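Everything numeric here is computed off the predicted structure, so don't read it as measured data.
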Amino acid sequence: MSSNYYQDTNGNFIGYTHDPEDYIHEYNSIASLFRGEWNGLMDVNGNLKYSNHPEYASILTKNTYYKNTDCSGTGYFSFITTDSVAIEPFNTQVIKNSHNKYIKYTVQTLATYSSDSQPADMQSYSILNANGELICTKTPRATIKQQIAEIEHRINNHAEYESDADELEFLQSQLHHTEPRAVAAVLDTGTDITNKYNWMGFRNHLNGSVSGFVKGIDYAAGIKFVENISPPTPPEELRYVRTSHDINIRVQSNGSIGSVSITQGPDIKISQLFAVKKSLGIYEVNIPEPFLPKNKAVKHLQLQCSMNVGASSVIPNANIGCYKISNQNKIRVTTTLNEKYYSSDFSLSIKY
């Protein structure tokens with residue numbers, strides 16, 4: 001296995017590559033890249049994609065398309081090509097931004113796609129709105145097909161309008177130019193990778209695709225291929241530093257960790273401690289087992305939680321509760337305002 005690797009111009013390590021040469025700059029292409037458990041591809045801008053991703057295509061995960069008008073059945077993601085080349089059948093993984101959670105899906109195509117292929121026969125698509133609700137909408141193709149059916153019904157029943165023939169010809173022409181033109185079937189229910197790799201961040205591209213990237217890299221200054229017999233030791237994973245006698249965690253209203261202070265017990269890696277916003281006002285804070293055992297009782301466990309609501313007028317009507325979930329190393333936190341679930345920043349203290 002090759003020990004060549006990529007770094008930025010400041011010497012910050014990006015990841016190892018299987019490639020014997022600098023494919024990115026020598027061939028204006030993409031390079032293989034692996035780091036820990038992750039294995040995939042990287043382009044010149046540092047965008048990370050999974051192995052077998054079609055090189056000249058972008059898979060757009062913002063909308064999920066369906067062959068039925070009610071968003072039922074198998075889901076599909078569209079893809080667009082950046083060149084006039086044919087895209088051979090592929091099976092790969094892609095990332096979708098699902099209300100600020102990044103979900104990995106497996107997708108597959110079974111046929112070769114080219115620029116003269118017929119548009120995909122998608123009848124509806126679903127998208128998450130700002131509140132995280134799934135909205136189903138008919139595609140323009142479904143509307144055109146419905147209009148064609150109505151005109152053909154009138155013609156078959158000898159009740160057509162004078163303009164129907166011209167309108168039918170126009171609609172049939174429009175049907176050959178609908179979007180999406182190419183789709184890949186979604187094969188699974190997805191896996192949340194938001195906090196899976198402490199070194200990986202995510203980019204939401206304007207065209208609706210999502211890619212990963214290595215955090216802390218100066219991509220604007222350029223990335224560099226390094227041929228090396230003895231590979232460098234990857235940087236040690238950052239840890240929260242212990243300072244005194246307990247653990248205090250501040251969580252933001254969107255579920256992200258704001259700050260952590262550990263003063264008793266083992267150090268905790270950044271990737272091991274994370275919070276998940278389950279729904280409006282309901283959070284789960286994952287504490288690693290070396291600190292909070294999953295399946296055995298903890299003597300004298302003390303939990304304290306408080307809301308960081310800001311405005312003093314809100315405080316009398318705001319409430320918070322927290323408890324350890326049975327047989328799990330998780331703390332459930334609920335926040336309410338006027339007896340209704342309400343998303344808020346909060347602080348959590350764990351002692352035992």
Find the distance between [atom1] ([X]) and [atom2] ([Y]) and round it off to the nearest 0.5 Å.
X      : Y      : atom1 : atom2 : answer
Arg203 : Ser209 : CZ    : OG    : 11.0 Å
Arg250 : Asn308 : CZ    : CG    : 5.0 Å
Lys277 : Glu284 : NZ    : CD    : 14.0 Å
Asn100 : Ser98  : CG    : OG    : 9.0 Å

For [X] and [Y], test the side chains for any donor-to-acceptor distance below 3.5 angstrom and give the result as yes or no.
X      : Y      : answer
Asn204 : Tyr102 : yes
Asp19  : Ser32  : yes
Ser124 : Thr69  : no
Thr139 : Gln123 : no

Contact check, side chains of Lys215 and Trp199, non-hydrogen atoms, under 4.5 Å
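Not in contact.
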Should the pair Tyr50 and Trp38 be assigned to parallel (<30°), tilted (30 to 60°) or perpendicular (>60°) ring geometry?
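If you compare the ring of Tyr50 with that of Trp38, the planes turn out tilted.
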With sequence neighbours left out, write down each residue that passes side chain to side chain contact (heavy atoms under 4.5 Å, CB included) with Gln7, or none if nothing qualifies.
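Per chain and number, Gln7 pairs via side chain to side chain contact (heavy atoms under 4.5 Å, CB included) with Tyr5, Lys224, Val226.
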Contacts of Asn195 that satisfy side chain to side chain contact (heavy atoms under 4.5 Å, CB included) - sequence neighbours left out:
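Counting only residues at least two positions away or on another chain, Asn195 forms a side chain to side chain contact (heavy atoms under 4.5 Å, CB included) with Phe274.
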I'd like a table of donor-acceptor pairs (distance under 3.5 Å, sequence neighbours excluded) in which one partner is a side-chain atom from residues 73-80, with atom names and distances.
none

Selection [range] - residue pairs positive for disulfide (SG to SG under 2.5 Å), sequence neighbours left out:
range            : value
residues 69-162  : Cys71-Cys136
residues 81-124  : none
residues 157-219 : none

For the side chain of Thr335 and the backbone of Ile320, is there at least one donor-acceptor N/O pair under 3.5 Å apart?
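No; judged by distance alone, with no hydrogens or angles, the pair does not exist.
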Report, as yes or no, whether the 6.0 Å neighbourhood of atom NZ on Lys101 holds more than 12 heavy atoms from other residues, nucleotides or ligands.
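Atom NZ in Lys101 is crowded, with more than 12 foreign heavy atoms closer than 6.0 Å.
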One pair to check against side-chain hydrogen bond (donor to acceptor under 3.5 Å, both in side chains): Ser256 and Gln252. What are the steps and the verdict?
CA-CA 5 Å; Ser256 60; Gln252 298 175 355; 2.9 Å; yes
In plain terms, say whether Lys145 and Asp121 are close enough for a salt bridge, that is, a side-chain N and a carboxylate O under 4.0 Å apart.
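Looking at Lys145 and Asp121, the cut-off is met.
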